[in-house]
**Q** 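Here you go, one structure.
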Amino acid sequence: LKHHLPDRFVATAGRQLAMVARKFHGHRAFSVVVPVPCGHSGRPDCLSYRLAEAVSAELDAAFVAALEPRLIRGSSHPKQSRHFRKPRVMTRVKGRVLVVDDVCTTGRHISLSVAALRDAGADASGLVWIGPR
């Protein structure tokens, strides 16, 4: 799925995430949507990036790729998560920020991304499409 991202799939998943964001935070809670940086998929338009674009359109919020991507080879296997570092903030964002990720296994990517934005002064919250039970 991560190598072939059908537009229809991304739009449907984006609507689902936007619905959850509205349910828990209200209809106009976020002014900016930021994707977790692309990494192991090896593509600059990874699923988290595409989902964040779709969510921003659904929420009528700005889309900002504020965190530096690290297009790397290797695995994002949970055993490797301890090696993940906080991403660098390339663009400072203001207002309520929703950080979007596609899959959460250990929570390390989303938590580091939210922390990086908070350290830069943003009021950031995270949301993932598929999360652990």
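Hydrogens, waters and symmetry mates play no part in the numbers below; they use all other heavy atoms, side chains included.
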**Q** Which heavy atom of Lys86 sits nearest to which heavy atom of Ala115, and what is that distance?
**A** CE-CB, 4.2 Å

**Q** Under a 4.0 Å threshold between the charged nitrogen and the carboxylate oxygen, would Asp60 count as salt-bridged to Arg28?
**A** yes

**Q** Measuring only between side-chain heavy atoms, which start at C-beta, is Leu67 closer than 4.5 Å to Val89?
**A** yes

**Q** Would a 4.5 Å heavy-atom cut-off, applied to side chains only, mark Val128 and Ile130 as touching?
**A** no

**Q** Does the pair Val36 and Val99 meet the rule for a side-chain contact (heavy atoms from CB on, under 4.5 Å), with working shown?
**A** CA-CA 6 Å; Val36 164; Val99 182; 3.8 Å; yes

**Q** About how many Å separate NE2 of His25 and CG of Leu59, when rounded to the nearest 0.5 Å?
**A** 10.5 Å

**Q** Within the distance-only criterion (no hydrogens, no angle test), does the side chain of Arg108 pair as donor or acceptor with the backbone N or O of Arg85 below 3.5 angstrom?
**A** no

**Q** For the hydrophobic clusters of this structure (ILVMFWY residues joined by side-chain heavy atoms under 4.5 Å, transitively), does one cluster hold both Ile110 and Phe63?
**A** no

**Q** Is Met90 reachable from Val114 through a run of I, L, V, M, F, W or Y residues, each pair having side-chain heavy atoms under 4.5 Å apart?
**A** no

**Q** Given Glu58 and Met19, is the side-chain contact (heavy atoms from CB on, under 4.5 Å) satisfied, shown in steps?
**A** CA-CA 9 Å; Glu58 288 287 327; Met19 182 180 68; over 6 Å; no

**Q** Please report the closest heavy-atom contact between Glu68 and Pro37, naming both atoms and the distance.
**A** O-CB, 3.4 Å

**Q** Would you say Trp129 and Asp101 make side-chain contact, with heavy atoms under 4.5 Å?
**A** no

**Q** Where do Phe30 and Ala21 come nearest, in terms of heavy atoms and distance?
**A** CE1-CB, 4.3 Å

**Q** Could you walk me through whether Leu98 and Val100 pass the side-chain contact (heavy atoms from CB on, under 4.5 Å) test, one step at a time?
**A** CA-CA 6 Å; Leu98 180 63; Val100 172; 4.2 Å; yes

**Q** Does anything in residues 46-55 form a side chain to side chain donor-acceptor pair (under 3.5 Å)? List the pairs, not counting sequence neighbours.
**A** Asp7-Arg50

**Q** Could you tell me which non-hydrogen atom of Val97 sits nearest to which non-hydrogen atom of Ala122, and how far apart they are?
**A** CG2-CB, 4.0 Å

**Q** Where do Val93 and Leu117 land on the side-chain contact (heavy atoms from CB on, under 4.5 Å) test, with the steps shown first?
**A** CA-CA 8 Å; Val93 290; Leu117 290 165; 4.1 Å; yes

